[in-house]
Each structure stands twice: as structure tokens, then as C-alpha cells.
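Okay, structure first, notes after.
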Amino acid sequence: LGNRNLIINGAMQVAQRGTSSTSTGYQTVDRITVDVGGADESPTMAQADVASGTTPYTLGFRKAFKITNGNQTSVGGSDHIQLNYYFEAQDIANSGWDITNSSSNLTFSFWIKSSVAQFFAYTFKTQDGTQQAFNCKTPVLSADTWTKVTKTIPGNSNLTIDNDNGKGFQIMLFPFIGTDYTTTGLAEDTWSAWGGGKYAMDNTSTWWTTNDSTWEITGLQLEVGDTATDFEHRSFAQELVLCHRYCYVWKSSTAYNNMGTGVQTDSSNVDITFPLPQVMRASPSFSSSGSFRTVGYDSGSQTSQGLSSLSIQRSHPQTPYLRGGISGGTGGAVGEFGDNGANDATAIFSAEL
């Protein structure tokens, strides 16, 4: 019964980039990206602890993805908070789901908690061919109470999902979605052509207009079949390896921690080929923060200096080539490449969908 859950990091264990942020995009819990619009005060997205003694804590869940609302003074039609989870098309195409057969089902299940008693909208979307949407809503939740939600998604003759590593399938969950994006014309639990600007069920603005309201999810599972089985708990190590296909974060763990071996190619540059621990989905983008240094050894002498810049010179899904800027280096000197003593060096390789 292993490998049932098509969602990676559904128990919210891995948060390579950080545990709290007010910025949008991929910032905290791996594989979850957030889009926010119209907020008067930015909400906070975080990896949060599940309170002991509660269900789902008693079922083995220790972490959740939590949004704490800011103080919103008004409601606009374009206001929204939208969580996205993207699947590689090939993972759905090869899952065993007969996408065009209405008798072949996927089952989505998750735990959700809100500080405000109301229902919340969520939508499934195909990305290939003529895009299709399947619009849903949760039951009305009791305030501050974890609730398990289960939804069965049938195949449909209009669905197309390619067998490639691009976006093929998407889950969107909405703590709030404004009227610019909602309509009463969307049928619940029915596939329909993607409407572009209208893609969610109408919902109340109560959560959005309640200052410091909270919204949490964990235990996301998508599996082939018409039954929600018990959540497939994977070890932290397993989830981390799966996450590395989309994001790998190298962080110094001690002062002067080494990332690898660098070669001072000339007086101005030091280069390093960095082997990633996992073949990534595609050639990654690169960003870095903190201070890095290089130590070059040549003919018995040693030179150590901080990097003035660090960039990806040649991207590759497994062995990207990095270049750092130096001053007065020794061409041909080989040596350490890593943290410059402040224990803050961080390098992020991203191949997210």
C-alpha cells in the first residue's frame, strides 16, 4: 500500500526555506506556494505545531501550514489568499488514474482548522489541453476545531494531462477569494471548462475581515481510487529527498562550513561545480544570502577572501556550475569554498513548477 499519496510533504514536515514569512510564493513549507492580493496588512504564513492531544495530533501529525490573517480594513473584489500545490503532469499521467473515464476516481483528503466558523472553497485544475476546473467547498467548519475533509474527483472526457515534467494538475485552496474570481454559476463537484477569471465557489468574507484570524491545514493526500485511506506517513528523510527534486537549500551549519571545493580561475573569479543530492525537475534557478568565502592553496601559500558576488554560471539539474567574485585571487589555486565565518551562508536551487 506504499506510494499511494501523490502529494509530497502533505504532513508539512519539511520547510527548507524557513518557518515563517509574510512574503508570497514558495517561502516556508516545501511544495506549498501562496499568492496574496489586496491585503491591507500582509498575512503571515508559517510551519506551525499541531497541538498535542488533539486530532490529528493523535494520528501522527506534528506540523501544519498556518496562515494568520493581517488586519484588513475593507473587502475588495480582487482581495484573495490562494494556496497552490502543483503536480508534475507525468506523476498524474502515470498514477493509474484513467483521467477520461468518469468511473475512475481520485480521492483528496485533508485536515483543516479555522478560527472562524464558515466553509472554504477549493478547486482542482488541469493545465494541459483545454484546461478544466472541478470546484468544491468544505463543510461549514466549527471554530478552532480540526475537521477532516474528503472529496472524490471523477475522470472526465474533456481532461488532458501530458506525460512530461511540466505543470499538469493543480490544487487551489482559498482562505479567502474575492468576487472578481468567484461566481454563483459554477456548479459544485462538476468538471467545467476553466473560466479564466472565475474559478472559485462564492464564499463569505468573514474570515478575511476578522483581524488575526487563523487557518491551518495538514495531512494532504491525493490517491487513486474512490476511498480515502489512512494517511501515508513518510519519514522526514523520505519527504526531504522528494522535496529536493523541486528545491534544495544548502545552509552553513557552523562557521566556515564548506559547501565544496573551489578553483580560483583567475584573479577575479572562483568557480565550483556543485553536485546536488537529487536530480532536480529541471535546470534550477539560483539565489544566495549571507557571506561566502574562498580559501585558495597554491605552491604552499594560502589566500582567503570573501566573495563579492555569487551566481549560477551554468545551470544543470544535477551539477550546476557556480561562480563567485573575488579580488586578487591566484589563478589555479584550489581550496575551500563556503561560509565566511558568520554562519549565515545560504544557497537555494529551485526547480519549482
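Small disclaimer: the values here were computed from a predicted structure and weren't measured. This chain uses plain numbering: 1 for the first residue, then up along the sequence.
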Exercise for review: Indicate, with yes or no, if the rings of Phe174 and His80 have centres closer together than 6.0 Å.
Suggested key: no
Review point. Between His233 and Phe231, is the gap from one ring center to the other below 6.0 Å?
Key: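 Ring centres of Phe231 and His233 closer than 6.0 Å.
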Is it true that a side-chain atom of [X] and a backbone atom of [Y] form a donor plus acceptor pair closer than 3.5 Å?
{"X": "Asp266", "Y": "Ser268", "answer": "yes"}
{"X": "Asp35", "Y": "Gln82", "answer": "no"}
{"X": "Gln13", "Y": "Arg234", "answer": "yes"}
{"X": "Asp271", "Y": "Arg323", "answer": "no"}
{"X": "Thr265", "Y": "Val270", "answer": "no"}
{"X": "Asn105", "Y": "Asp226", "answer": "no"}
{"X": "Glu232", "Y": "Asn5", "answer": "yes"}

[atom1] ([X]) with more than 12 external heavy atoms under 6.0 Å:
{"X": "Asn211", "atom1": "CG", "result": "yes"}
{"X": "Phe286", "atom1": "CZ", "result": "yes"}
{"X": "Asp230", "atom1": "CG", "result": "no"}
{"X": "Arg314", "atom1": "CZ", "result": "no"}

Interatomic distance, [X] atom [atom1] to [Y] atom [atom2] [nearest 0.5 angstrom]:
{"X": "Leu106", "Y": "Ser95", "atom1": "CG", "atom2": "OG", "result": "6.0 Å"}
{"X": "Asn269", "Y": "Ser309", "atom1": "CG", "atom2": "OG", "result": "7.5 Å"}
{"X": "Ser114", "Y": "Phe119", "atom1": "OG", "atom2": "CZ", "result": "12.0 Å"}
{"X": "Ile153", "Y": "Trp97", "atom1": "CD1", "atom2": "CH2", "result": "7.0 Å"}
{"X": "Lys113", "Y": "Ser142", "atom1": "NZ", "atom2": "OG", "result": "12.5 Å"}
{"X": "Asp202", "Y": "Thr182", "atom1": "CG", "atom2": "OG1", "result": "4.0 Å"}

Mind checking whether [X] and [Y] sit in one hydrophobic cluster, side chains of I, L, V, M, F, W, Y counted as touching below 4.5 Å?
{"X": "Val224", "Y": "Trp191", "result": "yes"}
{"X": "Ile112", "Y": "Leu173", "result": "yes"}
{"X": "Trp146", "Y": "Phe65", "result": "no"}
{"X": "Ile92", "Y": "Leu159", "result": "yes"}
{"X": "Val14", "Y": "Phe349", "result": "no"}

Exercise for review: Dump the intermediate steps for side chain to side chain contact (heavy atoms under 4.5 Å, CB included) on Gln47 and Lys66, then the final yes or no.
Suggested key: CA-CA 6 Å; Gln47 182 192 52; Lys66 181 178 182 179; over 6 Å; no
Review point. Can you name the residues that form a ring-ring contact (aromatic ring centres under 6.0 Å, His included) with Phe87, not counting sequence neighbours?
Key: Tyr85, Phe169
Point to revise | Geometric cation-pi criterion, Lys125 with Trp194: 6.0 Å, 45° | key: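 Positive - Lys125 is close enough to the ring of Trp194 and near enough to its axis.
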Point to revise | Distance under 6.0 Å and angle within 45° of ring axis: Lys167 vs Tyr86 | key: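 Verdict for Tyr86: a cation-pi partner in Lys167.
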**Study point:** Lys/Arg-Asp/Glu bridge criterion (N-O < 4.0 Å) met for Arg293, Glu336
**Key:**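 Judged by the 4.0 Å cut-off on N to carboxylate O distance, Arg293 and Glu336 do form a salt bridge.
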Review point. Please walk me through it: do Tyr246 and Glu88 pass side-chain hydrogen bond (donor to acceptor under 3.5 Å, both in side chains)?
Key: CA-CA 10 Å; Tyr246 305 94; Glu88 284 186 56; 2.6 Å; yes
Point to revise | Qualifying residue, where the test is ring-ring contact (aromatic ring centres under 6.0 Å, His included) with Trp208 and the options are Trp215, Phe176, Phe120 | key: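 Checked Trp215, Phe176, Phe120 against Trp208; only one passes ring-ring contact (aromatic ring centres under 6.0 Å, His included): Phe176.
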Can you name the closest pair of heavy atoms from [X] and [Y] and give their distance?
{"X": "Ser115", "Y": "Ser213", "value": "OG-CA, 3.3 Å"}
{"X": "Val241", "Y": "Gln278", "value": "O-NE2, 3.4 Å"}
{"X": "Gln16", "Y": "Cys243", "value": "NE2-CB, 4.0 Å"}
{"X": "Ile8", "Y": "Leu242", "value": "CG2-CB, 3.7 Å"}
{"X": "Gly166", "Y": "Leu353", "value": "C-CD2, 3.6 Å"}
{"X": "Asp79", "Y": "Ser74", "value": "OD2-O, 3.7 Å"}

Check your understanding: Run the ring-ring contact (aromatic ring centres under 6.0 Å, His included) check on Phe108 and Phe124 step by step: do they pass?
Key -> CA-CA 10 Å; Phe108 180 54; Phe124 303 90; 5.4 Å; yes
Check your understanding: Given Pro43, which of Asp212, Ile81, Thr214, Thr22 fulfils the side chain to side chain contact (heavy atoms under 4.5 Å, CB included) condition?
Key ->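 Only match with Pro43 under side chain to side chain contact (heavy atoms under 4.5 Å, CB included): Ile81.
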Practice item. Give the intermediate values and the outcome of side-chain hydrogen bond (donor to acceptor under 3.5 Å, both in side chains) for residues Thr123 and Asn135. Key: CA-CA 5 Å; Thr123 298; Asn135 303 285; 3.3 Å; yes
Exercise for review: Would you please test Glu223 and Thr229 for side-chain hydrogen bond (donor to acceptor under 3.5 Å, both in side chains) and show each step?
Suggested key: CA-CA 8 Å; Glu223 56 192 311; Thr229 64; 2.6 Å; yes
Quick one about [Y] and [X] (side-chain donor to acceptor, distance below 3.5 Å, no hydrogens or angles considered), yes or no?
{"X": "Gln127", "Y": "Gln170", "answer": "yes"}
{"X": "Asp344", "Y": "Ser252", "answer": "no"}
{"X": "Ser299", "Y": "Ser301", "answer": "no"}

**Study point:** Worked verdict on Met45 versus Ser20 for side chain to side chain contact (heavy atoms under 4.5 Å, CB included)
**Key:** CA-CA 6 Å; Met45 281 68 71; Ser20 181; over 6 Å; no
Review point. Under a 4.5 Å cut-off applied to non-hydrogen side-chain atoms, are Asn257 and Asn343 in contact?
Key: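 Contact flag for Asn257/Asn343 side chains = no.
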Point to revise | Worked verdict on Gln72 versus Glu41 for side-chain hydrogen bond (donor to acceptor under 3.5 Å, both in side chains) | key: CA-CA 6 Å; Gln72 313 305 339; Glu41 180 184 16; over 6 Å; no
Practice item. Apply side chain to side chain contact (heavy atoms under 4.5 Å, CB included) to the pair Thr218 and Lys63, showing each step before the final yes or no. Key: CA-CA 7 Å; Thr218 193; Lys63 297 294 182 181; 5.7 Å; no
